[in-house]
Amino acid sequence: MSLEKITNPFNARHWIGHMEADYVYTLGVAGERFFKEIKENGKIMGAKCQKCNITYVPPRMYCEKCFEKLKEWVDIGKKGVVHTFTIATIDINGEKLEKPTIYALIKFDGTCGGIIHKIDETDTVYIGMEVEAVLKPSNERKASINDIAYFKPAK
Amino acid sequence: MFGKKRVAIVGAGVTLFRRNLKETGKELSYEAAKTALEVAGLELRDIKSVVMGSAPDAFDGVHMKGEYLADGAGAYHKPYTRVFVGGGTGVFTPLAGWWHVASGQFDTCLVVCEEKMSSCYPHPQYAFTTIFDPILERPIGMNLIWIFALEMNRYMHKHNIKKEDIALVSVKNKRNALDNPIAQLAANITVEDVLNSEIMAWPVQRLDVSPTSDGAAAVVLASEDVAKEVTDNPVWIDGVGWCIDSTHWTDRDLYYPDYVECAAKMAYKMAGIKNPPKEIDLAEPYDPFDYKELHHMEGLLLCKKGEAPKLTREGVTQRDGDLPTCPSGGLLGCGNPIAAAGLMKVCEIFWQLRGEAGKRQIPGDPRTGVAQAWGDLMQYGSVIVLRR
């Protein structure tokens, strides 16, 4: 074992490699429908397992608890509750963010699962706070989770 | 007796194999697992443990792919492991499932393999470029096809094998795949078609190679007592073997897969097989390239070294021959969603031994079959012997 302490790997003899890989991720069977509903109809949907009586948000193709295929889809509305949150002040490189960003796990009444998203239009946030989804204008939606711009305090 | 309990396969399922499928990896896993459970006549709640097999995370493009795929594999609130030995994963995963049940720890194990290679864009070859040693090999600009070309050339040179004879494997497997509803590249082609196809890296040509694919496969394993309760047609896992050669692939001669022989001997000893060509009725050797089927037949001790091309030329390995190989259509015909492709081979032996292979059914009441996969950097062998 080398006891020499290297604080900068560039000071050791080295070769610089790059793991190049780009990806195209299909939304999947359930994802296609979920994001189509948001994009075209502005609706956030859940999928209900009739056997387990559980509504999953986001909707899935199958119930992981009993393996039934989920056929019943329900509109769960846009209002949810902050289950937990954080306020980020630095980015992935350790740089100070211009404006702190609130990230929260938002749960929807009577459903299983939830959505991780940003919270905006507020200086205060707390666990149990009621929030509602703010969708991007329909012509800017791309069938992505970012079609929801953020959540804001519910009126 | 090997293990505390005898283990059977009681259900199997595969999805379509295609270059691009709409389903996510989770959804593909679910489709295969659900089918296997339905065939077994079991519910998810009857499953006591789950093993998932999937190749590098870089294909699906999700790090911690095992965790990501868990719900599709039916693993919610169950003992769950993801295993990975490169291309050998598809046959290794049911071996890992076997030890779950053979140990006496679990009565049942759901074994699922998945690959969604199309996520890696424009081509999963990008993921393959980083499997090599970062100091000695990657700076040269290695590519997966090249190393197979090096191995194929060495095999041809050692035994004086003609490309025409190797091409017969591609012709056979793609034709066998015409009867397989999951197949991606089933076709009636000729030796000339193979020899005239684009040269990728001599001696490897386009039609010597299996495609990249999306797909999933699953089997349900059960202990003897459970198996006999749920089916009249259990298929027993009578032999398991796995082995890795030197991590320095440059240390090997490359003309012969010692590590496959080592894994095969382990499996045959357990199954009490002394004369493999006589006692084995059909084989699914791993065939991502046409020469690999021949290489692996030899490693599986189904013939002498250098003899596999002759058997192929004489029709011995056709479905109606004495030793049918890849009656499924193999990877060359069905496609190669890495881990799922290996497990598909195990599923094919299961259907053949139960007489449920439909138009692909080989004649003669087969009782013993062997499936094999091969992986990591041309050095991993996994072998399973199944009996009715």
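A, B, ... follow the sequence lines: proteins, then strands. Residue 1 opens every chain.
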Looking at side-chain heavy atoms only, is the closest gap between A/Met19 and B/Tyr126 below 4.5 Å?
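No, side chains not in contact.
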Should B/Lys116 and A/Thr26 count as side-chain neighbours, where that means a heavy-atom distance under 4.5 Å?
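B/Lys116 reaches A/Thr26 side chain to side chain.
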Is it the side chain or the backbone of [X] that comes within 4.5 Å of chain A heavy atoms, both, or neither?
X	value
B/Thr130	side chain
B/Phe59	backbone
B/Ser118	backbone
B/Glu27	both
B/Leu28	neither
B/Ala33	both
B/Asn20	neither

By a 4.5 Å heavy-atom criterion (distance strictly below it), what part of A/His14 contacts chain B: side chain, backbone, both, or neither?
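Neither part.
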Contact part of A/Ile16 toward chain B, heavy-atom cut-off under 4.5 Å: side chain, backbone, both or neither?
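For A/Ile16, neither part sits under 4.5 Å from chain B.
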Inspect the surroundings of [atom1] in [X] and state if more than 12 heavy atoms from other residues, nucleotides or ligands are less than 6.0 Å away.
X	atom1	result
A/Lys107	NZ	yes
A/Glu130	CD	no
A/Asp109	CG	no
A/Asp123	CG	no

Do A/Tyr23 side-chain atoms and B/Ala58 backbone N/O form a donor-acceptor pair below 3.5 Å?
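Looks like yes, one N/O pair under 3.5 Å.
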Of the listed residues (B/Leu37, B/Thr129, B/Asp60), which shares the most heavy-atom pairs with chain A below a 4.5 Å separation?
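Most heavy-atom pairs within the cutoff with chain A belong to B/Asp60.
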Those residues of residues 51-85 of chain A, ordered by number, that approach chain B below 4.5 Å (heavy atom to heavy atom):
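Residues of residues 51-85 of chain A touching chain B at under 4.5 Å: A/Lys51, A/Met61, A/Tyr62, A/Glu64, A/Lys65, A/Cys66, A/Phe67, A/Glu68, A/Lys69.
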Working to the nearest 0.5 angstrom, can you tell me the gap between A/Tyr25 OH and B/Ser119 OG?
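Reported to 0.5 Å precision, the distance equals 6.5 Å.
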